[in-house]
Amino acid sequence: MKKAVTEAITNAIASLKEGWGLESIPYIDVEIPRNEDLGDAASTVAMGLTKTLKKPPKKIAEELLSEIVKQSGPFENIEIAGAGFINFRFKKEYLYENLQRLLSEGHPSLSAGLGQNKRIQVEFISANPTGPLHIGHGRGAAIGNALSNLLTAAGFEVEKEFYVNDAGLQVKLLGLSVYSRYQQALGNDVHFPENGYKGDYIASIAEEIIKDIGNKYLNNTFEQCGDFFISHAYKMMLSDIERDLKDFGVTFDKWQSEKELYEKGKVQGALTALQHKNFLYEKDGAKWFSSTNFGDDKDRVVVKQDGEYTYFASDIAYHKDKLDRGFDTIIDIWGADHHGYIPRIRSVLSAFGLSKEKFRVIIVQMVTLLRHGKPVQMSKRAGEFITLREVIDEVGSDTAKFIFLTRRADSQLEFDIEVAKEQSAENPVFYVQYAFARISSIFRQAEERRVRGQKDSSQYSVDSSQGTANSSHITYHALRSFRVQGTDLTALKEVEEIAIIKKLLQYPMMFEGAVFAFEPHRITYYLQDLARLFHSYYNKHRVLTDDSVITGARLSLCRAVQLALEEGLKILGVSAPEKM
RNA sequence: GCGCCUGUAGCUCAGACGGAUAGAGCAACUGCCUUCUAAGCAGUGGGUCAGGGGUUCGAUUCCCUUCAGGCGCGCCA
């Protein structure tokens, strides 16, 4: 849709260019008018050119229009309106042709190559393995996962990574906390560390350990058995995290250990590399990275007076490692509490020669958790928080993900767990899923008619060769492979049908925008719009009629909607159920 | 004090490098199930786009400023 308009205008400008004294073709804006009476697509190029051409926008629009009409474009009508908008309306044949193409090829512009197989890394969540994931991590997970799916759909080669901070004091503190609970559970009343993790999960881990090894380490000092508790607690914590994410529907390609960066000498190596570039210096007995050279507001310590590395040192190594692994683009998704960290990491990457546009940080703002409208205070240390696990169990993964993905990443989010539950029947996620389920149901009915050999079913049939007769999924595959053959799409004449076709043809535009902006939530809104159009249509018109031509055409339309819904939901990481 | 994010309908939020009469869901109210799933549809009401200034033919969008909320400003991780 966008392409056709852009082409028409580009050609027009190309032939007018010389007379206008233009050197190059300007950016051509194409948008969908708010009011559909105005047209199917519109451009504001004429208004944009007023300054350079020193002519009134309407005059420019007229000149463009007279050129465009010379071409044999797919337009039924083009008119100039308002302050200089050029509004386009497509011929119906164009809509039918493209619907047909969509049915046979899918959305060609999608995989066709925005990404061009470029490698892109998306790092997200990267929670410390010192406690269960909470709801904020859930938001990051939903966004990171959806963004990765989006980029994959756009033809990028995406690697999803979770960075595990398993080297620092925090895991030691985790071990110490578990150690203390272990001793206490066995009757040894040791002092619980001041900054220890107080959540119930610590005691649970201690219980597990007792089940495993009994009182083997009773009355041992932490110095004697600390390593055991640290590594054991950390491993259990990490496997919990992994399990929760799996149940949430999020998986990773790689779990990068911080500790491993140390063990492989990558931290030292990265610092040496910086040293060679003269970006390190000594001051006050410490070693500093001169990040101010790259726009940071102060230099940062990498090796402390006591000779220990800072957390930042391993992060330098980590990001250098990302570069060394040869990604074309690096995306970090962080919680809002880390945004102050952006300039220094950007500095690191600049120091190693990465150009700015190849590194992108997406800041995910905080989630304010409510229960019945009242804020729930969250503190990991104090052990008061709503875990992702609770959200999954109480609200459900699909609902939670959908809620997270109906907001931009950089706006704060209020998540009322009770509202999310209570509204479950009215929840937008079900609205979209319901449209998919309804269509699936129509195909089930169509298949029954065909089996019964009704006359009116001659125009459509199931191509069973496409179906995989695979155990319990037979129905599903049969539905997916339901081929509508030899149908005449021009039978789609209702306004609702035309509206749906147009919406479907807008998909590439919306998709490109989402990819370009790294904003998966645009998919969510599109799906709601499409579902709305479909529900409305469904209520007004019957798909399965006595007229085989109309039925065939409508089934085709349903198939196209179904494919779009399925594709969109897949990107969001939300299931597309056949029955509800 | 400085920096980043946010402020749009009663509530939760969209608004696509600045464009036409500002949108959705929920909540409220009125209708619609003998026919493919009523988790649905049709309709009604609801706005100082936080306030003020500026740039522009045109600003919810860009700039400045004030106010409000959130988050950061360690030789912590």
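Here is how names work: the chains are called A, B, and so on, in the same order as the sequence lines, proteins then strands, and each is numbered from 1.
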Do side-chain atoms of [X] reach the backbone of [Y] as a donor and acceptor pair under 3.5 angstrom?
{"X": "A:Ser290", "Y": "A:Leu280", "result": "no"}
{"X": "A:His541", "Y": "A:Tyr538", "result": "no"}
{"X": "A:Arg371", "Y": "A:Ile417", "result": "no"}
{"X": "A:Trp255", "Y": "A:Val164", "result": "no"}

Take the protein atom [atom1] of [X] and the nucleotide atom [atom2] of [N], then report the distance between them rounded to whole Å.
{"X": "A:Glu31", "N": "B:G15", "atom1": "CD", "atom2": "P", "result": "15 Å"}
{"X": "A:Met510", "N": "B:A16", "atom1": "CE", "atom2": "C1'", "result": "11 Å"}
{"X": "A:Ile345", "N": "B:C4", "atom1": "CD1", "atom2": "P", "result": "19 Å"}
{"X": "A:Asn35", "N": "B:A22", "atom1": "CG", "atom2": "P", "result": "11 Å"}
{"X": "A:Glu414", "N": "B:G7", "atom1": "CD", "atom2": "C1'", "result": "12 Å"}
{"X": "A:Glu426", "N": "B:G40", "atom1": "CD", "atom2": "C1'", "result": "10 Å"}
{"X": "A:Glu36", "N": "B:G23", "atom1": "CD", "atom2": "P", "result": "12 Å"}
{"X": "A:Lys172", "N": "B:C76", "atom1": "NZ", "atom2": "C1'", "result": "14 Å"}

[N] phosphate, OP1 or OP2: any side-chain N/O from [X] under 4.0 angstrom?
{"X": "A:Arg34", "N": "B:U21", "answer": "no"}
{"X": "A:Ser411", "N": "B:A14", "answer": "yes"}
{"X": "A:Lys304", "N": "B:C76", "answer": "yes"}

Nearest to the A:Val543 side chain among B:C75, B:C36, B:G15, which nucleotide is it? B:C36
Of the listed nucleotides B:G3, B:C73, B:G40, the one nearest the side chain of A:His339: B:G3
Taking atom types as modelled and ignoring hydrogens, do the side chains of A:Tyr537 and A:Glu497 form a donor-acceptor contact shorter than 3.5 angstrom? yes
Under a 3.5 Å limit for both distances, which nucleotide forms a Watson-Crick or G-U wobble pair with [N], could you say?
{"N": "B:G74", "value": "none"}
{"N": "B:A14", "value": "none"}
{"N": "B:C57", "value": "B:G19"}

For [X], report the nucleic acid contact type (base, sugar-phosphate, nothing); a contact means any heavy atom under 4.0 Å.
{"X": "A:Lys579", "value": "base"}
{"X": "A:Tyr431", "value": "sugar-phosphate"}
{"X": "A:Thr406", "value": "sugar-phosphate"}
{"X": "A:Asp29", "value": "base"}
{"X": "A:Ile32", "value": "base"}
{"X": "A:Asn87", "value": "base"}
{"X": "A:Gly168", "value": "sugar-phosphate"}

Within 90° of 0 counts as syn, otherwise anti: where does B:C33 fall?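 Base orientation relative to the sugar is syn.
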Regarding B:G25, can its base be found pairing with the side chain of A:Gln528 as donor and acceptor, where the two atoms are less than 3.5 Å apart? no
Which residues satisfy the side-chain contact (heavy atoms from CB on, under 4.5 Å) test with A:Asp284, sequence neighbours excluded?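 Counting only residues at least two positions away or on another chain, A:Asp284 forms a side-chain contact (heavy atoms from CB on, under 4.5 Å) with A:Gln305.
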I'd like the C1' distance from B:C76 over to B:G15, given in whole Å. 41 Å
Pairwise C1' distance for B:U61 and B:U55, with rounding to whole Å: 14 Å
